Amino acid sequence: MQLYTQNYTSGSPVHHTPMAVISGYPVRPGMFDVNGATPLQYGVNFTIHTHGGTSCELLLFHRGQEEPYAVLPFPEAYKIGDVYSMLVLGLDIEDLEYAYRIDGPYCPEKGLLFDKKNILLDPYARAVAGQRIWGYKQENAYHARVVKDVFDWGDMPQSHKEMSDLIIYELHVRGFTQHPSSGVQHRGTFAGLMEKIPYLKELGINAVELMPIFEFDETVNTREVNGQKLLEYWGYNTVGFFAPNTSYTASREYNQEGTELKTLIKSLHDNGIEVILDVVFNHTAEGNEKGPSFCFKGLDNNIYYMLTPDGNYYNFSGCGNTLNCNHPIVQQMILECLRYWTVSYRVDGFRFDLASILGRNVDGSPMNNPPLLKSLAYDPILSNVKLIAEAWDAGGMYQVGSFPASKRWAEWNGRYRDALRGFLKGECWRAWDAAQSICGSGDLYGGFYDNHNNNYAGYNSCVNFLTCHDGFTLYDLYSYNDKHNEANGWNNTDGSNDNLSWNCGAEGETSDPQVLSLRYQMIRNACAVLMCSRGTPMFLAGDEFGNTQFGNNNGYCQDNEISWLDWNLIQKNHHLLEFFRYMIHFRLRHPIIRKKLPTAVCGMAPMQTHGSDARELDIPYDAKTFSVSFAGYDREKGHDDLVYISINTYWEDVLITLPALPHGGVWYLCVNTSGDGLGRCFYPQGQEVRVDGSFILRARSVAVFTVMDC
């Protein structure tokens, strides 16, 4: 190292005055409080930290090369505390990839895995090199690229939609448009998804939840089963938390990675659609003791991961390792990551995979007041961002209704899924749980009617769903009694066995018109109930037109027709798509479903359960038929907003009576999932059918009523 601090002149710009030459490059101490690689006018600032490491080297590579063209050891003067920082002047970032090597003690039984030969990826890397082509295996070590943010968001304001006003559409970026039938130019990419925005807008959803889009390596566990190449298709093995998945882009974005994703997000926002990211902070792609060491293991293995007393990995994620989320260093990384995606990508919310892990202590025990969850709940940058927990993990912790969320988070409501799946297929003993769930799960979330943040009611705390990426599609839920995961190569042993599904009389594909008619009716039932339940509804992309995974309820490895959406089904099942569109817009037209309104002028209770006779307010625990009413005064429209939903899971027709209304109020039928004999299952505005007092609710059907004048 050549020092020439004597060239420093008082008054010259400090940020580009070199203090030394290392490996031929002029350098100076960097910005210690800015993690990652930051491009500046005169060079690049590199900052990384390690608690247990004893020395650090910066490696510079030409694009695509395996051997570094320069190795820059960090001088001791370029270290403050545990942080190394160096400003390297004169770098051409367009032909640059970088990584680190860190030396330190190697003592696996103490969780120390330092190895000065390991090439390590920057945990704050804004882009990961070598992952551009989907399905192409990266043979070299992971390198990072320096990203220059050139995207202009203009004066686009942050969305302020209430959680209860969202209708969430869960999708896989690649699987959404990869099938040839998608008709898009850029299949399987962010750009391809952008081409489908008109479809999403017409459907009526106002939020998309994207399955993992952080950089991941889909080839990490590549297998071949019956001639079919299987990949880690879903993306739940994160390689880089700050980097977008470059194989989801339609064009190369060297040093401007993320531009296509940002363009997509801005286009969605311009069309009134929020963006929620499915994030995985419970484990990483480094796996267990047999897994590679390319990042956190080589930085501070005993800090970033939960380790047993003998140095092995706790596996509460089911994926080999578990992030030690409540260690201050890991907390800081997660917080900075979410802030980055909120500020630089304008993301509206995050859904946390296996979120119960975020509340575990270093030894895996659950914490009463986890510091990470509290930090996220009260962070000023994240104050308007939706935080959604999958409130369970693979270690057996199940916290639906009790997630330690500082009264700030929402949850995927697993009770809703199970209760409604079971009840709708005829398990009458689930009636109470089903009714509670439709009413917003106030028994789980602290009261039905409270509008204040100190006591969230169900309509802001729970995400209601019947299907998601993990499990059957809605069509398969009513087409298969059992999972059919043979294509996964594990002899059908993987995936859940308890699906609460019903094949309606025939397993799998059939041409029986009675079976098919019942299946479509059951799908309409599920859609109608979901859209008329208090809480935030979410459904899986493709459910609206009967997409199937052919009975596979664990398509994590299926990058093929099993997991891709078949858009040809829109033409085949156009009646189903029209029903979904109607129910989505019906929900949006009736705020009383979504939230409490002022007391109804007609005197009806704000929310109430009913038996087959509306005067029976207490339903039996094993009711086969019940109804739920929502009532309130809509100030914007200047009249009461009343909705009455009736569900009959019995195999015979049931006569129901509707609540009596004062002042000449009349009920009108809006939805009848069994149909009216003329092919109509719903009635557009102005075409609703008047119902006087009573109604025959057909077998295994749902009906929805409103009041035109009260």
Side-chain angles (χ1 to χ4, degrees), residues 164 416 419-420 423-424 431-443 447-451 457-459 464 525 528-535 537 583 586-620 623-634 637 639-649 654-673 682-683 688-697 701-710:
S164 58
Y416 183 99
L420 267 301
F423 182 70
L424 288 174
W432 282 358
D433 280 348
Q436 293 269 32
S437 297
I438 293 171
C439 291
S441 299
D443 56 326
F448 290 109
Y449 308 123
D450 197 304
N451 288 311
Y459 49 83
N464 297 325
N525 291 348
V529 170
L530 181 64
M531 293 302 159
C532 288
S533 295
R534 189 158 284 183
M583 287 307 312
F586 180 86
R587 179 182 180 87
L588 295 174
R589 288 198 309 270
H590 291 279
I592 190 58
I593 300 174
R594 310 193 301 274
K595 63 192 70 175
K596 182 190 176 186
L597 296 178
T599 303
V601 174
C602 71
M604 281 187 65
M607 183 165 55
Q608 184 63 63
T609 57
H610 306 263
S612 54
D613 185 332
R615 294 170 295 183
E616 300 170 354
L617 303 183
D618 295 323
I619 62 173
K624 299 180 179 67
T625 305
F626 69 77
S627 302
V628 174
S629 61
F630 301 101
Y633 181 76
D634 187 342
K637 297 177 182 176
H639 58 73
D640 282 350
D641 187 13
L642 308 181
V643 172
Y644 195 81
I645 178 170
S646 300
I647 306 166
N648 180 21
T649 63
V654 174
L655 179 68
I656 64 170
T657 59
L658 302 175
L661 296 171
H663 314 303
V666 177
W667 289 104
Y668 284 81
L669 177 68
C670 302
V671 175
N672 180 10
T673 62
F682 63 88
Y683 302 92
E688 297 90 345
V689 177
R690 177 172 174 148
V691 176
D692 292 317
S694 63
F695 179 78
I696 297 177
L697 191 57
S701 74
V702 172
V704 182
F705 309 86
T706 58
V707 173
M708 300 294 112
D709 183 19
C710 183

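These numbers were taken from a predicted model, which means no experiment stands behind them.
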With sequence neighbours excluded, residues passing ring pair (Phe, Tyr, Trp, His ring centres under 6.0 Å) with Tyr633: none

Tightest non-hydrogen contact, residues Arg589 and Arg594, listed as N-NH1, 4.4 Å

A side-chain contact here means heavy atoms from C-beta on lying under 4.5 Å apart; do Asp640 and Val707 qualify? no

Please check if the number of heavy atoms outside Ile696 that lie under 6.0 Å from its CD1 is greater than 12. no

side-chain contact (heavy atoms from CB on, under 4.5 Å) partners of Val691, counting only residues at least two apart: Leu658, Leu669, Phe695, Phe705

Taking every heavy atom of Ile619 against every heavy atom of His610, the minimum-distance pair comes out as CG2-O, 3.3 Å

Look only at the side chain of Ser164 and the backbone of Gly535, and say whether a donor-acceptor pair between them is shorter than 3.5 Å. no

Contacts of Thr609 that satisfy side chain to side chain donor-acceptor pair (under 3.5 Å) - sequence neighbours left out: none

Asp618: side-chain contact (heavy atoms from CB on, under 4.5 Å) partners, not counting sequence neighbours: none

Taking Trp667 for the side chain and Pro659 for the main chain, is one N or O donor matched with an acceptor at less than 3.5 Å? yes

Going by the rule side chain to side chain donor-acceptor pair (under 3.5 Å), which residues pair with Ser701 if we only count those two or more places apart in sequence or in a different chain? none

Just to verify, what does Asp634 make a side-chain contact (heavy atoms from CB on, under 4.5 Å) with, not counting sequence neighbours? Pro591, Leu597, Glu636, Lys637, Asp641

May I ask you to check whether Asn648 and Thr625 show a side-chain donor-acceptor distance below 3.5 Å? yes

Quick one: side chain to side chain donor-acceptor pair (under 3.5 Å) partners of Thr599, sequence neighbours excluded? none

Looking at residues at least two apart in the chain, or sitting in another chain, which of them share a ring pair (Phe, Tyr, Trp, His ring centres under 6.0 Å) with Phe626? Phe423

Is a donor from one side chain sitting under 3.5 angstrom from an acceptor on the other, for Tyr416 and Ser533? yes

Who pairs with Thr706 by side-chain contact (heavy atoms from CB on, under 4.5 Å), at least two apart in sequence or on another chain? Phe586, His590, Val643, Cys670, Met708

Return the set of residues passing side chain to side chain donor-acceptor pair (under 3.5 Å) with Ser646 (not counting sequence neighbours), or none when no residue passes. Ser627

